[in-house]
Amino acid sequence: MNICVIGTGYVGLVTGAVFADLGNDVICVDKITTKVEALRAGRMPIYEPGLEEMVSRNVADGRLSFTTDLGAAVRQSDVVFVAVGTPSKDNGETDLSQVEDVAAEIGRAMDRYKVVVNKSTVPVGTGELVREVIARHQPRPVEFDVVSNPEFLREGSAIEDTLRPDRIVIGAPTQQVAMTLVELYAPLERPMIITDLPSAEVIKYASNAFLAAKISFINAIANVCEAAGADVTQVMKGMGLDSRIGPAFLQAGLGYGGSCFPKDVDSLVHTAGRLGYDFKLLRSVAEINRERATHLVDTIRKALAPLDARTLAVLGLAFKPNTDDMREAKSVEVIALLDAAGATLKVYDPVAMANAKALLPASVAFCDSPYEAAEGADALILVTEWNEFKFLNLERLRGALRRPVIFDGRNLWEPERMRRLGFEYHSVGRRPVQPA
Ligand code: NAD
């Protein structure tokens, strides 16, 4: 099939590469010339395990190409995927300007029947809006259909998630239109939900909001555990073994960040409000999440005051492990609060430091290793649970620190082990421990 994917971000680039790998002819479009030039030169604009190999293999085989010419790409395709950004406005509403711009351009370029597939996360009703914008911009009336095919990939495992999704959701106006997508996805042999367009759009928000609610729920339980002297990791195990609950997304920590959960929760609250329903539960989910960074910094302040006399090492900047994405990263909030309190900050992240530089205060020192960050610091703060941090040489780390104090925002280490290793160790929803 001839496919065009508009937007070469985390979703568009991975989708394009996977469809090419399945044997389709794929042309990926982006409006940023430097991005397209980099991709043509074999350089990935994002960090995603396995992506570079998949892209270069399919470019070499002639199935995958990149362009800034949206019109030409649309004209040579049967199916057009839209995977542009849908950020939120200050009031939580989704900013649909990128989707609307692309719909207008698709309309202008449409010369024969096409299926336009919306992969961007968009509020219920947007499929209808896209249909209307395309029709309005067509130079002459041409038949087309709009389909919703929301994306569920996770950054850091995007290729794997796209090849083996839990489900593929297809919201189409008719069974016949849905079959185009069924055919495209058939080689993956994964469960498919074929439904109407609005339901598909709601499935995406409901799923993300539910996962965000699980995270905020366990973080609220962590607060209770801290006050009661209980251990949230034990509570989580006890809850997670219940097959009705399950252990996924029940890790207490600094809360959720990234380009999806925060904006999708806000968007669903806004959409519900517009439709006449006050989604109080979700407003609380967002509120609990907002308090996480302040909660950690309050713990640090209590243990180390005055912060303006302290040097602190921060490990992990990306919003989660295995990505360079800094959008809505908790590190930004934690570092802003510590910087405002006058602390001197030294930071390290395996992949995200280049992206972090634009978002962190100019006074922050970027280090080449966790040990360099820890050197001479009064405490170490773990913000993102990269796997490599799990396997740090903790004795070497203790030797580098001026004081052996750790604030673990993700419960990466075991308190008893940290105590034996000679650390004062503070974590989330568990009793702090003092060195043996
Ligand atoms: P992104 O910001 O990384 O990429 C979007 C790309 O679209 C950018 O490269 C941008 O230059 C390009 N673009 C914007 N307007 C364009 C235009 N007129 N013509 C051509 N290109 C244009 O975004 P992303 O993270 O890939 O997310 C895309 C959508 O998928 C969003 O709606 C997001 O909510 C959703 N989503 C993201 C993830 C994720 O993990 N990142 C997961 C599931 C769903």
Side-chain angles (χ1 to χ4, degrees), residues 7 11 81-104 106-107 116-137 144-153 166-175 177-178 181 192-217 220 249 255-291 327-328:
V11 170
F81 281 88
V82 179
V84 295
T86 49
S88 50
K89 299 180 186 172
D90 287 343
N91 64 354
E93 185 182 358
T94 299
D95 175 356
L96 286 172
S97 56
Q98 294 181 37
V99 173
E100 289 188 52
D101 288 352
V102 166
I106 294 172
V116 178
V117 186
N118 200 0
K119 232 182 198 323
S120 296
T121 303
V122 291
V124 58
T126 305
E128 200 37 52
L129 173 77
V130 166
R131 153 160 281 290
E132 185 267 313
V133 174
I134 292 175
R136 187 152 36 91
H137 286 84
F144 66 98
D145 281 297
V146 176
V147 172
S148 166
N149 171 219
E151 181 52 59
F152 298 94
L153 66 77
D166 288 342
R167 77 302 206 186
I168 294 156
V169 175
I170 299 168
T174 64
Q175 282 285 332
V177 175
L181 276 262
M192 295 196 206
I193 307 286
I194 297 167
T195 181
D196 58 277
L197 231 129
S199 303
E201 290 169 336
V202 174
I203 287 171
K204 172 65 192 175
Y205 280 101
S207 303
N208 273 6
F210 187 80
L211 294 173
K214 263 188 117 175
I215 295 171
S216 280
F217 183 86
F249 286 77
Y256 56 81
S259 66
C260 291
F261 283 7
K263 82 169 168 64
D264 292 352
V265 168
D266 289 349
S267 175
L268 186 50
V269 169
H270 187 277
T271 302
R274 179 171 53 79
L275 296 169
Y277 174 62
D278 180 5
F279 210 146
K280 292 194 191 103
L281 173 68
L282 266 193
R283 284 200 283 118
S284 297
V285 166
E287 184 56 32
I288 290 168
N289 196 58
R290 268 192 293 273
E291 289 163 2
R327 290 178 284 186
E328 302 285 327

Within the side chain of [X], is there an N or O that forms a donor-acceptor pair under 3.5 Å with the backbone of [Y]?
X      : Y      : value
Thr195 : Ala200 : no
Glu151 : Lys119 : no
Glu201 : Val122 : no

Taking the side chain as everything from C-beta on, heavy atoms only, tell me whether [X] gets closer than 4.5 Å to [Y].
X      : Y      : answer
Glu328 : Ser88  : no
Ile215 : Phe261 : yes
Asn149 : Phe81  : yes
Val265 : Asn208 : no
Ile134 : Phe144 : yes
Leu96  : Pro123 : yes

Please report the closest heavy-atom contact between [X] and [Y], naming both atoms and the distance.
X      : Y      : answer
Gly127 : Leu197 : CA-CD2, 3.4 Å
Ala286 : Asp266 : CB-OD1, 4.2 Å
Lys204 : Pro150 : CB-CB, 3.6 Å
Val124 : Arg274 : O-NH2, 3.9 Å
Lys263 : Pro87  : CD-CA, 4.0 Å
Tyr256 : Ser216 : CE2-OG, 3.8 Å

Show your reasoning for whether side-chain contact (heavy atoms from CB on, under 4.5 Å) applies to Ile106 and Val82.
CA-CA 10 Å; Ile106 294 172; Val82 179; 3.9 Å; yes

Charged N to carboxylate O under 4.0 angstrom, Arg131 versus Glu128?
no

Do Thr94 and Ser267 have side-chain N/O donor and acceptor atoms under 3.5 Å apart?
yes

Flag yes if more than 12 heavy atoms outside Asp90 fall under 6.0 Å of its CG atom; otherwise flag no.
no

Residue Phe217 excluded, over 12 heavy atoms near CZ under 6.0 Å:
no

Between [atom1] on residue [X] and [atom2] on residue [Y], distance to nearest 0.5 Å:
X      : Y      : atom1 : atom2 : result
Glu132 : Glu100 : CD    : CD    : 8.5 Å
Thr174 : Asp196 : OG1   : CG    : 12.0 Å
Asn91  : His270 : CG    : NE2   : 4.0 Å
Phe152 : Thr121 : CZ    : OG1   : 8.0 Å

Between Thr271 and Tyr205, does the side-chain contact (heavy atoms from CB on, under 4.5 Å) criterion hold? Intermediate values first, please.
CA-CA 10 Å; Thr271 302; Tyr205 280 101; over 6 Å; no

